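Report on the following structure.
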Amino acid sequence: KKKKVSSEGLSTKEKMLAAPRRMTTGFDYSRLCVLLAVLEKRTGYNFGGYDVYINVIGGLKIDEPASDLAIALALYSGLRDIPIGDDVAMFGEVGLGGEIRAVSHIRERVREAARMGFSKCIVPKSSLKNLDKSENYGISIYGVANLQQAFKVLEMFTKESEGNKE
């Protein structure tokens with residue numbers, strides 16, 4: 001049986017004279033450090049003065065590079081206080097240049113996300129060519145080439161959900 005894997009990120013302002021704390025549960029600590037460095041260098045968001053916590057929900061451990069995008073967006077969401085809807089799935093490897101790299105089994109991942117009830121999916125733009133354009137996946141698919149584009153898509157989702165509340 002396949003499980004839905006959820007992750008969450010939290011960034012809090014560190015205390016005076018203390019080194020910022022980084023903690024992970026279910027995610028590789030070294031990979032978190034790399035993602036933070038990429039986020040700072042390539043997007044200009046400074047996590048240096050913040051404690052950062054990553055938690056993979058349900059006691060699962062993620063060791064697949066395709067989870068990079070979800071973790072990066074969770075960190076961005078925590079820093080900017082931009083919620084990520086429960087209906088959004090995402091996967092992609094984040095490169096050192098901030099690019100979102102293709103992942104394997106894109107069709108299966110998108111189909112599974114739709115089957116699990118997600119209505120939106122953020123994927124590497126370079127993986128779009130591996131999706132069958134004639135197939136209706138039952139989910140809205142958004143291709144992104146880099147972290148900045150992923151942030152814009154996430155902000156678009158937030159504006160849409162705020163518009164629906166009015």
Side-chain angles (χ1 to χ4, degrees), residues 1-96 98-101 103-106 108-110 112-124 127 139 142 144 146-158 160-162:
K1 181 181 177 187
K2 294 183 181 182
K3 291 185 176 183
K4 179 178 176 181
V5 177
S6 297
S7 60
E8 54 190 358
L10 176 66
S11 302
T12 62
K13 193 77 169 154
E14 57 104 354
K15 315 304 180 273
M16 292 291 286
L17 303 176
R21 188 172 189 185
R22 274 78 169 105
M23 290 188 63
T24 64
T25 303
F27 189 75
D28 182 62
Y29 176 81
S30 297
R31 191 70 189 153
L32 169 64
C33 292
V34 169
L35 288 173
L36 287 171
V38 171
L39 284 163
E40 288 192 7
K41 180 71 174 175
R42 303 301 178 201
T43 67
Y45 290 106
N46 186 357
F47 289 87
Y50 291 86
D51 295 338
V52 175
Y53 303 92
I54 292 295
N55 180 42
V56 178
I57 299 170
L60 298 173
K61 293 190 185 313
I62 301 175
D63 62 358
E64 182 182 20
S67 64
D68 287 356
L69 182 58
I71 298 300
L73 287 177
L75 290 166
Y76 174 76
S77 167
L79 185 70
R80 298 284 318 275
D81 284 329
I82 295 173
I84 299 174
D86 290 341
D87 62 337
V88 182
M90 62 208 73
F91 37 84
E93 181 179 357
V94 175
L96 294 178
E99 73 278 10
I100 309 303
R101 295 182 180 159
V103 295
S104 60
H105 310 293
I106 186 80
E108 293 81 0
R109 292 174 194 264
V110 170
E112 187 63 20
R115 191 188 70 73
M116 295 180 81
F118 292 99
S119 62
K120 302 171 187 137
C121 191
I122 304 172
V123 303
S127 290
I139 191 170
Y142 301 83
V144 295
N146 55 49
L147 286 169
Q148 291 88 348
Q149 288 180 7
F151 296 163
K152 286 179 183 173
V153 169
L154 195 60
E155 289 167 4
M156 178 185 70
F157 293 163
T158 301
E160 286 175 0
S161 70
E162 288 172 355

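Keep in mind that this is a model prediction, so the values were computed, not measured.
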Test ring-ring contact (aromatic ring centres under 6.0 Å, His included) applied to Phe47 - qualifying residues, sequence neighbours left out
none
Set of ring-ring contact (aromatic ring centres under 6.0 Å, His included) partners for Tyr142, sequence neighbours left out
Phe157
Let me confirm one number: the [atom1]-[atom2] distance from [X] to [Y], rounded to the nearest 0.5 Å.
X      : Y      : atom1 : atom2 : answer
Thr25  : Asn55  : OG1   : CG    : 5.0 Å
Asp63  : Arg31  : CG    : CZ    : 11.5 Å
Leu39  : Leu79  : CG    : CG    : 9.0 Å
Glu40  : Leu75  : CD    : CG    : 10.5 Å
Ser67  : Ile54  : OG    : CD1   : 10.0 Å
Gln149 : Ile122 : CD    : CD1   : 11.0 Å

Taking the side chain from Gln148 and the backbone from Arg42, do they hold a donor-acceptor pair closer than 3.5 Å?
yes
Any donor and acceptor pair, going by atom type alone, linking the side chain of Ser77 with main-chain N or O of Ile82 inside 3.5 Å?
yes
Are [X] and [Y] close enough that some pair of their side-chain heavy atoms sits under 4.5 Å apart?
X      : Y      : result
Lys120 : Glu160 : yes
Val34  : Leu96  : yes
Val94  : Ile100 : yes
Arg101 : Ser127 : no
Pro83  : Thr158 : yes
Phe91  : Glu64  : no
Met90  : Ile84  : yes

Quick check: closest heavy atoms across [X] and [Y], and the distance to 0.1 Å?
X      : Y      : answer
Glu93  : Val103 : N-CG1, 3.9 Å
Val56  : Gly26  : CG2-O, 3.3 Å
Asp51  : Ala19  : OD1-O, 4.4 Å
Cys121 : Ile139 : CB-CD1, 3.7 Å
Ala72  : Leu147 : CB-CD2, 3.9 Å
Ala150 : Leu73  : CB-CD2, 4.0 Å

Please step through salt bridge (charged side-chain N to carboxylate O under 4.0 Å, His left out) for the pair Glu112 and Arg115, ending with a clear verdict.
CA-CA 5 Å; Glu112 187 63 20; Arg115 191 188 70 73; 2.6 Å; yes
Inspect the contact between Glu155 and Lys152 and indicate whether a charged nitrogen and a carboxylate oxygen are less than 4.0 angstrom apart.
no
Test: ring-ring contact (aromatic ring centres under 6.0 Å, His included). Region: residues 20-41. Which pairs qualify, not counting sequence neighbours?
none
Name the orientation class of the two ring planes belonging to Phe151 and Tyr76 (parallel below 30°, tilted from 30 to 60°, perpendicular beyond 60°).
parallel
